[in-house]
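Atoms within each ligand, like the ligands themselves, are counted from 1 in listed order. Remember, predicted model here, so these are calculated numbers, not experimental data.
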Amino acid sequence: MTSQPIKLNDKETVLQFLNSYDTFLFDCDGVLWSGTHLLPNVIETLSLLEKLNKTVLFVTNNSTKSRQDYTKKFANFGIKNVSKDQIFSSSFATAIYMKNFSSLDPKTDKIWVFGESGIEKELQEVGFTTLGGTDPRLLEEWDQQKTPFLPCDPSVKAVVAGLDTKINFHKLCVTFNYLKEDDVKYVATNIDSTFPGKPYLQPGCGSMIELLTKSSGRSEPPNCGKPSQLMLDTVFEAFPNLKREKCCMVGDRLNTDIKFGIDGKLGGQLLVLSGVEKESCLSDETHGFELPKYYADKLGDVYEHYSE
Ligand SMILES: O=C(O)[C@H](O)[C@H](O)COP(=O)(O)O
Ligand SMILES: [Mg+2]
């Protein structure tokens, strides 16, 4: 029986929390921001961690941007000095997977992308040629007689599927046809069912992939995002001096972020209620997911209570 999560609702618990870890891995959507809205006191909390000499890393299942693109998103929100090396996106994890575990040869085997530029850029950075993705011709109305994307290109040997906020029937039909090819592998950047927005939730990558999986008759594709440990292995390869027991995963989803931290044997987990999960998940045993060590209404509460 796991103990009840501790709420960060006063200075004492916040100090105990901060003193327990030297590294904080932050999920992004629903923790730092919701879509284009920065959440309250996020900048102040990250600045406090910097002042306390804590290591701060970012681990996001959002594959729409490359790590480099994310540095611009951080800067645009006023979150300064975040380097590409601190960011681990599912687009990056998927590129690592395709390079190291897919048996594809970047010199000859191309990848069809269902998703946005983050996937294309990270796959290209490890040497792959990509088709589809943000090709503007995919925004044209689906017409079987006119599409330039069929018949399938025989050099395509994998489909990589991620969140596509410009999803349409043209993209679905071409991706479906590639998935009907027996020699084409199928890989998902992540499987999140919903994507937090403000104030509305949205269908997430996992829900879009379910449509492709069901229609093509394929089995579930390997998931490169949280809670897959591939992302955490990538973090520890990049930062070999980190100690798992001194790391805390901060996220807004039990089935991705918190599971990722628990499965990765990190010292602690903080669930924030500013994204997908609501407080009721902490007393609802039907979901079957392990609970975090700590929880808070939002990340900014760390700064607010520390400053009391
Ligand atoms: O649907 C998705 O791709 C995800 O909901 C979203 O991008 C999650 O991002 P994260 O919360 O891991 O930053
Ligand atoms: Mg999130």
Are any of the side-chain nitrogens in Asp257 or Lys226 under 4.0 Å away from the carboxylate oxygens of its partner? yes
Report yes or no: does a heavy atom of Thr64 sit under 4.0 Å from some atom of ligand 1? no
The closest protein heavy-atom partner of atom 1 (O) of ligand 1 is Cys205 N, 2.8 Å
Give me the nearest non-hydrogen protein atom to atom 10 (P) of ligand 1 as residue plus atom name, then the distance to 0.1 Å. Asp27 OD1, 2.7 Å
Is it true that Asp301 and Lys7 make a salt bridge, defined as a side-chain N closer than 4.0 Å to a carboxylate O? no
Heavy-atom distances under 4.0 Å decide this one: backbone, side chain, both or neither, for Leu163 against ligand 1? side chain
List ligand 1 atoms under 4.0 Å from Cys28, heavy atoms only on the residue side. 13 (O)
Out of the N/O/S atoms in Asp29, what is the name of the one closest to the Mg ion (ligand 2)? O
Under-4.0 Å salt bridge between Asp27 and Arg253: no
Atom 2 (C) of ligand 1 sits nearest the protein heavy atom Asn190 ND2, 3.4 Å
Sub-4.0 Å atoms of ligand 1 with respect to non-hydrogen atoms of Gly204: 1 (O)
Less than 4.5 Å apart, side chain to side chain, heavy atoms only: is that true for Phe77 and Trp33? yes
Identify whether NZ of Lys or CZ of Arg in Arg67 sits under 6.0 Å from the centre of the six-membered ring of Phe88 and within 45° of that ring's axis. no
Out of Ile191, Asp29, Asp252, Thr194, whose heavy atom is nearest to atom 9 (O) of ligand 1? Asp29
Please work out which of Leu201, Asn62, Thr60 has its closest non-hydrogen atom nearest to atom 7 (O) of ligand 1. Asn62
Going by heavy atoms, is Lys226 under 4.0 Å from ligand 1? yes
Checking Thr194 against Gln202: is there a side-chain donor and acceptor pair closer than 3.5 Å? no
Would Asp192 count as a contact for the Mg ion (ligand 2), in the sense that one of its N, O or S atoms lies under 2.8 Å from it? no
May I ask you to list the atoms of ligand 1 that are less than 4.0 angstrom from any heavy atom of Asp192? 1 (O), 2 (C), 4 (C), 5 (O), 8 (C)
Using a distance threshold of 2.8 Å, state whether an N, O or S atom of Asp257 lies below it from the Mg ion (ligand 2). no
Quick one: do the Thr175 and Trp112 side chains pair a donor with an acceptor below 3.5 Å? yes
I'd like to know if Glu125 and Lys84 make a salt bridge, using a cut-off of under 4.0 Å between side-chain N and carboxylate O. yes
Heavy atoms of Asn62 and Ser89 approach each other most closely as O-CB, 4.1 Å
Considering only N, O or S atoms of Asp27, the one closest to the Mg ion (ligand 2): OD2
Within the structure provided, determine whether Phe24 and Leu46 are in side-chain contact (heavy-atom separation under 4.5 Å). no
The Mg ion (ligand 2) - closest N/O/S atom in Asp252: OD1
